[in-house]
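We count residues from 1, following the sequence as given. Keep in mind that the numbers below use all heavy atoms, side chains included, and drop hydrogens, waters and symmetry copies.
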Amino acid sequence: MAGCENAEPLPPGPTPTPTPTVTASAYILPGAVSMNDWAFGDEPVVIYTSERLRWVNLDTQTHVIVADSPDATDFRKTDDLRPGSEASFTMTRLGTTGIHCVIHPNMTGTLIVRESR
């Protein structure tokens with residue numbers, strides 16, 4: 001014990017840098033029901049592993065988005081997305097799946113999950 005009284009404190013260790021959560025937003029566009037395969041935009045929804053996929057409903061109607069091949073990616077199905085609401089999912093599995101709205105099956109698109117950049 002005698003040698004501990006005047007010992008200098010150890011310098012603090014390095015502070016870990018938190019990994020930022022990247023969010024990629026996918027929008028259900030206004031008037032989506034009449035847009036058919038353009039309801040989610042004119043390109044596939046592309047996200048990278050470890051990113052959070054955020055569905056945002058910009059339409060005036062409620063939608064429920066579901067994966068056509070639920071085992072292809074982590075995304076399965078949203079709950080009811082009322083106008084102005086959103087839902088988020090963290091993606092960890094690579095894959096491609098068609099997507100559609102359960103309420104409006106003519107609203108279709110493609111979701112692609114790629115390896116992180």
Quick one: closest heavy-atom pair of [X] and [Y], and the distance?
X	Y	answer
Pro105	His100	O-CB, 4.2 Å
Val64	Lys77	CG1-CE, 3.5 Å
Met107	Ile28	CE-CG2, 3.8 Å
Ala67	Ile99	CA-CG2, 4.3 Å
Thr73	Val113	CG2-CG2, 3.7 Å

ask   = Would you say the side chains of Asp68 and Thr97 form a donor-acceptor pair under 3.5 Å?
value = no

By side chain to side chain contact (heavy atoms under 4.5 Å, CB included), which residues pair with [X], not counting sequence neighbours?
X	answer
Ser116	Thr49, Ser50
Thr62	Asp80, Arg82, Pro83, Ile103
Arg52	Thr21, Thr23, Ser88, Thr90

query = Can you get from Leu58 to Trp38 by hopping between Ile, Leu, Val, Met, Phe, Trp and Tyr side chains that sit under 4.5 Å apart?
reply = yes

request  = Spell out, yes or no, whether Tyr27 and Val45 are grouped together once hydrophobic residues are joined by side-chain heavy atoms under 4.5 Å, including indirect joins.
outcome  = no

remark   = Residue set satisfying ring-ring contact (aromatic ring centres under 6.0 Å, His included) with His104, at least two apart, ordered chain then number -> His63

note = Contacts of Phe75 meeting ring-ring contact (aromatic ring centres under 6.0 Å, His included) (sequence neighbours excluded), chain-then-number -> Trp55, Phe89

query = To the nearest 0.5 Å, how far apart are CG in Asp79 and OG in Ser85?
reply = 9.5 Å

query = What distance do Phe40 atom CZ and Leu111 atom CG have between them, rounded to the nearest 0.5 Å?
reply = 10.0 Å

Any donor-acceptor N/O pair, Asn57 side chain to Leu81 backbone, under 3.5 Å = yes

query = Would Arg76 and Val66 count as a side chain to side chain contact (heavy atoms under 4.5 Å, CB included) if you check the C-alpha gap in whole Å, the side-chain angles of each, and the deciding distance to 0.1 Å?
reply = CA-CA 6 Å; Arg76 303 280 188 277; Val66 65; over 6 Å; no

note = The side-chain hydrogen bond (donor to acceptor under 3.5 Å, both in side chains) partners of Thr78 (sequence neighbours excluded) come to none

key: Arg114: side-chain hydrogen bond (donor to acceptor under 3.5 Å, both in side chains) partners, not counting sequence neighbours   = none

request  = Write out all pairs satisfying salt bridge (charged side-chain N to carboxylate O under 4.0 Å, His left out) with one or both partners inside residues 27-50, taking only residues at least two apart or from two chains.
outcome  = none

All pairs passing salt bridge (charged side-chain N to carboxylate O under 4.0 Å, His left out) where residues 54-63 contributes a residue, at least two apart = Arg54-Glu86

